[in-house]
*Asks:* 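Handing you a structure now.
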Amino acid sequence: MSLPKPVMRGLLAKRLRFHLPIAFTLALTAAIAFKYTVTEPRKRAYADFYKQYDAVKDFNAMREAGVFESVQPTGK
Amino acid sequence: MLRAVFRLTATGARSLTRSRPCYSAPLAFRCYSHGKVETDEEFDSRWVTYFSKPDLDAWELRKGMNTLIGYDLVPEPKILDSALRACRRLNDLASAIRILEAVKDKAGPHKDIYPYLIQELKPTLAELGISTPEELGIDKL
């Protein structure tokens with residue numbers, strides 16, 4: 001029972017031809033998925049927070065809490 | 001805008017990988033758009049001639065084998081036959097057995113290649129008195 005001659009050339013090229021497009025696609029998909037599930041919600045959360053943010057009100061709240069050294073609460 | 005650029009380069013990269021392996025039959029290295037492509041037979045006979053040099057020295061044997069192993073192919077039985085005979089001329093049994101181990105490794109997941117090679121090389125191995133790694137029990141870790 002003599003063995004037939006198998007394919008012996010271009011085995012890596014064949015493997016890469018199959019796997020590289022898949023690899024690129026998966027990597028691209030992962031990047032796009034991360035963008036739309038993580039970075040965009042994060043950016044939206046920050047934008048929404050700062051849309052109604054009153055810096056002066058926040059400053060005064062911190063001032064009353066007495067956490068600053070440069071300015072005392074209004075009572076003192 | 002960045003997204004558009006990203007998508008463009010990605011599809012560009014993918015079409016590049018699809019078109020880059022341009023020759024399926026000859027050697028997968030040196031994809032010239034100019035210049036003559038060497039056929040498989042020319043490649044094989046070039047290597048058979050290399051190892052057939054009567055005064056091949058040990059360095060040239062090792063260099064030849066290392067270069068050959070670097071290619072995207074498993075060497076043909078006739079190339080290996082020539083290399084094994086060179087080992088015989090150099091009284092280097094260790095390299096002869098190592099060549100067999102190397103081609104088995106080159107085949108990777110394709111388990112049908114090595115048995116075929118051993119089948120084709122059996123007369124040469126018998127003539128030169130070379131044992132296979134399996135016969136010596138050194139193929140197991």
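Note on naming: letters A, B, ... go to the chains in the order of the sequence lines (proteins, then strands), and numbering restarts at 1 for each one. Small disclaimer: the values here were computed from a predicted structure and weren't measured.
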*Asks:* Flag yes if more than 12 heavy atoms outside R15(A) fall under 6.0 Å of its CZ atom; otherwise flag no.
*Replies:*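 Not buried by this count: 12 neighbours or fewer within 6.0 Å.
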*Asks:* For P6(A), does its backbone N or O pair with a side-chain atom of D112(B) as donor and acceptor, under 3.5 Å?
*Replies:*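 Pair absent, no side-chain N/O of D112(B) close to backbone of P6(A).
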*Asks:* Counting only heavy atoms not in Y46(A) (residues, nucleotides, ligands), do more than 12 fall under 6.0 Å from its OH?
*Replies:*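 Result for OH/Y46(A): open.
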*Asks:* Under 4.5 Å from any heavy atom of chain A, what part of P75(B) do you find: side chain, backbone, both or neither?
*Replies:*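 When you check distances to chain A, only backbone atoms of P75(B) fall under 4.5 Å.
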*Asks:* At their closest point, which heavy atom of L11(A) faces which heavy atom of I113(B), and how far apart are they?
*Replies:*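 Looking at all heavy atoms of both residues, the shortest contact is CD1-CD1, 3.6 Å.
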*Asks:* Looking at R9(A) and D44(B), is there a salt bridge between them, counting it only when a charged N and a carboxylate O are closer than 4.0 Å?
*Replies:*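 Judged by the 4.0 Å cut-off on N to carboxylate O distance, D44(B) and R9(A) do form a salt bridge.
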*Asks:* Keeping the roles fixed (side chain from Q119(B), backbone from S2(A)), state whether a donor-acceptor pair exists under 3.5 Å.
*Replies:*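 Flag not set: sc Q119(B) to bb S2(A) has no pair under 3.5 Å.
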*Asks:* Give a yes or no on whether Y53(A) atom OH has more than 12 heavy-atom contacts from other residues, nucleotides or ligands under 6.0 Å away.
*Replies:*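 For Y53(A), atom OH is crowded (more than 12 foreign heavy atoms under 6.0 Å).
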*Asks:* Do the side chains of L117(B) and M8(A) get nearer than 4.5 Å, heavy atoms only?
*Replies:*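 Answer yes - side chains close enough.
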*Asks:* So does R98(B) have more than 12 non-hydrogen atoms from other groups sitting under 6.0 Å from CZ?
*Replies:*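 Not more than 12 within 6.0 Å, no.
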*Asks:* Give a yes or no on whether K63(B) atom NZ has more than 12 heavy-atom contacts from other residues, nucleotides or ligands under 6.0 Å away.
*Replies:*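 No, NZ of K63(B) has 12 or fewer neighbouring heavy atoms, counting only those of other groups under 6.0 Å.
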